[in-house]
**Q** 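Okay, handing you the structure first.
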Amino acid sequence: MSYDLVVIGTGPGGYVCAIRAAQLGLKTAVVEKRKTHGGTCLNVGCIPSKALLHASHMFEDARDHFADLGIGVSAPSLDLKKMLSFKQEGVEGNTKGVEFLLKKNKIDAFIGTARIAAAGQVEVMSEDGSNQILETKNIVIATGSDVTRLPGIEIDEKVVVSSTGALELESVPKRLVVIGAGVIGLELGSVWRRLGSEVLVIEYLDRILPGMDGEVAKQFQRILGKQGFQFKLGAKVTKVERKGSGAALAVEAAAGGNAETIEADVVLVAVGRVPYTQGLGLDHIGVQIDNKGRILTDAHFATNVTGIYAIGDVIAGPMLAHKAEDEGVAVAEILAGKAGHVNYDVIPSVVYTFPEVASVGKSEEELKAAGIAYNAGKFPFTANGRAKVNRTTDGFVKILADAATDKVLGVHIVGPEAGNLIHEAAIAMEFGASSEDMARTCHAHPTLAEAVKEAAMAVEKRAIHM
Ligand code: NAD
């Protein structure tokens with residue numbers, strides 16, 4: 001078998017890369033270890049977690065909010081098994097979709113573990129023990145990432161779970177302790193809280209969602225607190241032991257000190273992810289990695305070995321499916337002789353809780369650290385007609401614009417539909433918009449998006465409804 005391109009891994013980075021390469025006329029193959037395509041995102045990440053976030057949100061709405069709307073229903077009962085199969089059907093629909101797209105684009109898909117035997121040679125080891133070598137001009141490594149483990153804390157995926165096990169709990173835990181107040185902890189914590197768990201989040205830092213704008217994170221923590229989330233910030237878990245059917249955690253201040261014991265029925269470890277390059281043979285062929293285990297690449301996604309490229313979670317940058325997808329498109333275009341490019345200044349990020357949190361561009365902290373003078377415009381959802389009538393008024397939109405040029409440098413939203421609203425800001429920033437451009441763009445009434453327009457107007461202190 002001889003190819004122009006073999007992509008290792010069919011997560012969002014890998015399969016999108018393969019499709020774009022095939023569109024551009026490259027003879028392309030993919031190698032995937034899982035039996036289904038789509039990687040972590042489709043199988044055990046973004047897609048199943050969104051299914052459970054949707055279902056649990058509906059459950060909570062029916063239980064706690066329908067009556068306010070004049071909808072009388074008896075208290076909803078939870079059929080967790082059915083909810084989990086609803087989630088699984090969503091996963092299957094999506095993974096089969098990728099399989100269909102690969103076929104449609106005439107991409108050869110090999111199921112098996114890939115090892116790079118040499119530049120230009122990918123060895124595929126199938127589950128039945130058979131081996132084959134694919135000859136190829138180029139290789140793109142898109143093997144993604146794995147859960148970060150904490151020393152001495154064993155993940156059994158039953159009582160001490162990673163995000164994977166937290167999508168499969170057989171019953172609603174009475175007490176769920178989440179280690180890590182990042183995206184996974186808050187999203188999956190939300191799912192189980194809505195279904196009835198008491199949720200305590202233990203976070204090493206003195207804030208939640210590190211990396212996100214500080215004001216947004218603070219407000220969001222308050223909102224989650226109102227929903228019933230408990231937080232223990234500036235604390236670390238030093239030990240987790242099985243106790244009865246649950247676990248006992250030893251927790252102390254991040255700086256050290258006396259340990260206290262906290263008991264839980266289930267513990268979710270959500271302290272980040274690490275690049276996954278195991279078994280690829282990178283040592284053997286001399287592909288360089290950095291001290292965080294990430295494959296080193298140049299601006300064109302090329303490693304130090306000719307013909308070997310890498311994208312997505314295995315290289316530097318945010319570990320986000322859409323970042324990997326855009327890198328997949330870019331590297332395919334580069335390999336086809338075009339000018340592939342990713343604008344790392346405009347990569348949106350979203351936390352799919354309720355309300356959602358979304359941001360694009362620089363936070364206030366980043367602008368301050370870089371010494372960039374900026375003006376901030378803020379508009380609360382309490383003053384937005386649509387949010388008011390829907391009674392989803394928690395949160396605000398904040399727009400940060402360069403003080404000298406008015407160019408939009410960052411947009412941060414905590415509020416309903418934040419994950420959709422952020423994209424008008426992303427488009428505006430991609431076109432180099434000023435806050436005035438956003439403020440003078442007509443927005444339909446009554447929409448939540450008007451809050452974005454008003455925040456842009458607030459940069460010049462001329463918001464109308466505030
Ligand atoms: P994260 O990096 O978002 O958060 C991890 C949190 O754990 C941080 O707040 C960190 O300070 C804390 N932490 C680290 N070590 C700790 C310790 N020993 N004790 C207590 N706290 C500790 O990681 P995550 O939530 O595990 O997510 C993993 C990756 O997956 C992230 O890169 C994330 O962007 C991505 N992801 C994205 C989405 C989304 O875009 N909606 C959803 C899920 C996951």
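Counting starts at 1 for both ligands and their atoms, following the listed order. One is the number of the first residue; the rest follow in order along the sequence.
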**Q** What is the nearest protein non-hydrogen atom to atom 17 (C) of ligand 1, stated with its residue, atom name and distance?
**A**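 Looking only at protein heavy atoms, the one closest to atom 17 (C) of ligand 1 is V271 CG1, 3.9 Å.
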
**Q** Does N105 reach the side chain of Q23, with side-chain heavy atoms less than 4.5 Å apart?
**A**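 They are in side-chain contact.
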
**Q** To the closest 0.5 Å, what do you measure between OG (S349) and NE2 (H322)?
**A**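 One finds 6.5 Å between OG of S349 and NE2 of H322.
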
**Q** Would you say L320 and ligand 1 have an N/O pair spaced under 3.5 Å apart?
**A**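 So ligand 1 has no N or O lying under 3.5 Å from an N or O of L320.
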
**Q** Mind checking the CZ-OG1 spacing from F100 to T95? Nearest 0.5 Å is all I need.
**A**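 F100 atom CZ to T95 atom OG1 measures 14.0 Å (nearest 0.5 Å).
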
**Q** Between ligand 1 and K236, is the shortest N or O to N or O distance under 3.5 Å?
**A**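 So ligand 1 has no N or O lying under 3.5 Å from an N or O of K236.
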
**Q** For residues E260 and K232, determine if any side-chain heavy atom of one lies less than 4.5 Å from a side-chain heavy atom of the other.
**A**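 A side-chain contact under 4.5 Å exists here.
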
**Q** What residue and heavy atom of the protein are closest to atom 20 (C) of ligand 1, and at what distance?
**A**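 Protein heavy atom at minimum distance: Y204 N, 3.3 Å.
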
**Q** Within ligand 1, which atoms have a heavy atom of L150 less than 4.0 Å away?
**A**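 With L150 as reference, the close atoms of ligand 1 come out as 18 (N).
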
**Q** Using a 4.0 Å cut-off to any heavy atom of V350, which atoms of ligand 1 qualify?
**A**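 Result: 39 (C), 40 (O), 41 (N).
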
**Q** Which atoms from ligand 1 have a heavy atom of Y352 less than 4.0 Å away?
**A**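 It comes down to these atoms of ligand 1: 41 (N).
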
**Q** Under 3.5 Å, N or O to N or O, is E203 touching ligand 1 that way?
**A**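 Indeed, backbone or side chain, E203 has an N or O that close.
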
**Q** Hey, does the Lys NZ or Arg CZ of K378 hover above the aromatic six-ring of F396, less than 6.0 Å from the centre and inside 45° of the axis?
**A**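 Judged by the rule (NZ or CZ under 6.0 Å from the ring centre, within 45° of its axis), K378 counts as positioned above F396.
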
**Q** Do the non-hydrogen side-chain atoms of I141 and T277 ever get within less than 4.5 Å of each other?
**A**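 Of all side-chain heavy-atom pairs linking T277 with I141, none is under 4.5 Å.
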
**Q** Near G180, which atoms of ligand 1 are under 4.0 Å from a heavy atom of that residue?
**A**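 Counting atoms of ligand 1 from 1, those under 4.0 Å from G180 are 6 (C), 7 (O), 12 (C), 21 (N).
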
**Q** Side-chain contact, heavy-atom cut-off 4.5 Å: I153 with K239?
**A**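 Not in contact.
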
**Q** Considering I184, V251, T40 one by one, which has a heavy atom nearer to atom 27 (O) of ligand 1 than any of the others?
**A**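 When every heavy atom of I184, V251, T40 is considered, I184 comes closest to atom 27 (O) of ligand 1.
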
**Q** Can you list the atoms of ligand 1 that are under 4.0 Å from a heavy atom of I179?
**A**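 Reading through ligand 1 atom by atom, the close ones are 19 (N), 20 (C).
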
**Q** If you count the atoms of ligand 1 from 1 in the order shown, which ones are under 4.0 Å from a heavy atom of A270?
**A**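 Numbered from 1, ligand 1 contributes 5 (C), 6 (C), 7 (O), 26 (O).
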
**Q** Quick one: look at L205 and ligand 1, take heavy-atom pairs under 4.0 Å, and tell me if it's side chain, backbone, both or neither.
**A**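 For L205, the contact with ligand 1 is made by the side chain alone.
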
**Q** Just which atoms of ligand 1 are under 4.0 Å from any heavy atom in M319?
**A**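 Counting from 1, the qualifying ligand atoms are 32 (O), 34 (O), 35 (C).
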
**Q** Under a 3.5 Å threshold, yes or no: a donor from one side chain and an acceptor from the other, between S162 and E157?
**A**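 Yes, side-chain donor-acceptor contact under 3.5 Å.
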
**Q** So, E168 side chain and G165 main chain: donor-acceptor pair closer than 3.5 Å or not?
**A**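 Pair absent, no side-chain N/O of E168 close to backbone of G165.
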
**Q** Are any of the side-chain heavy atoms of E365 and D213 separated by less than 4.5 Å?
**A**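 Answer yes - side chains close enough.
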
**Q** Please report which non-hydrogen protein atom sits nearest to atom 38 (C) of ligand 1, along with the residue it belongs to and the distance in Å to one decimal place.
**A**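 Of every protein heavy atom, V183 CG1, 3.3 Å lies nearest to atom 38 (C) of ligand 1.
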
**Q** Ring pair (Phe, Tyr, Trp, His ring centres under 6.0 Å) for Y15 and H37? Distances and angles first, verdict last.
**A** CA-CA 8 Å; Y15 85 75; H37 297 295; 8.5 Å; no

**Q** Any nitrogen or oxygen of V351, main chain or side chain, under 3.5 Å from a nitrogen or oxygen of ligand 1?
**A**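 There is no such contact.
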
**Q** Tell me the protein heavy atom at minimum distance from atom 4 (O) of ligand 1, and give that distance in Å.
**A**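 Minimum-distance protein heavy atom for atom 4 (O) of ligand 1 reads G182 CA, 3.2 Å.
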
**Q** For atom 26 (O) of ligand 1, state which one of S349, A254, G272 supplies the nearest heavy atom.
**A**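 Among S349, A254, G272, the closest heavy atom to atom 26 (O) of ligand 1 belongs to G272.
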
**Q** Note the single closest protein heavy atom to atom 28 (C) of ligand 1, along with its residue, its atom name and the distance in Å.
**A**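 Nearest neighbour among protein heavy atoms for atom 28 (C) of ligand 1, to 0.1 Å: R273 CG, 3.4 Å.
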
**Q** Take atom NZ of K407 as the centre, draw a 6.0 Å sphere, and report whether it contains more than 12 heavy atoms from other residues, nucleotides or ligands.
**A**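 Counting other residues, nucleotides and ligands, NZ of K407 stays at 12 neighbours or fewer.
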
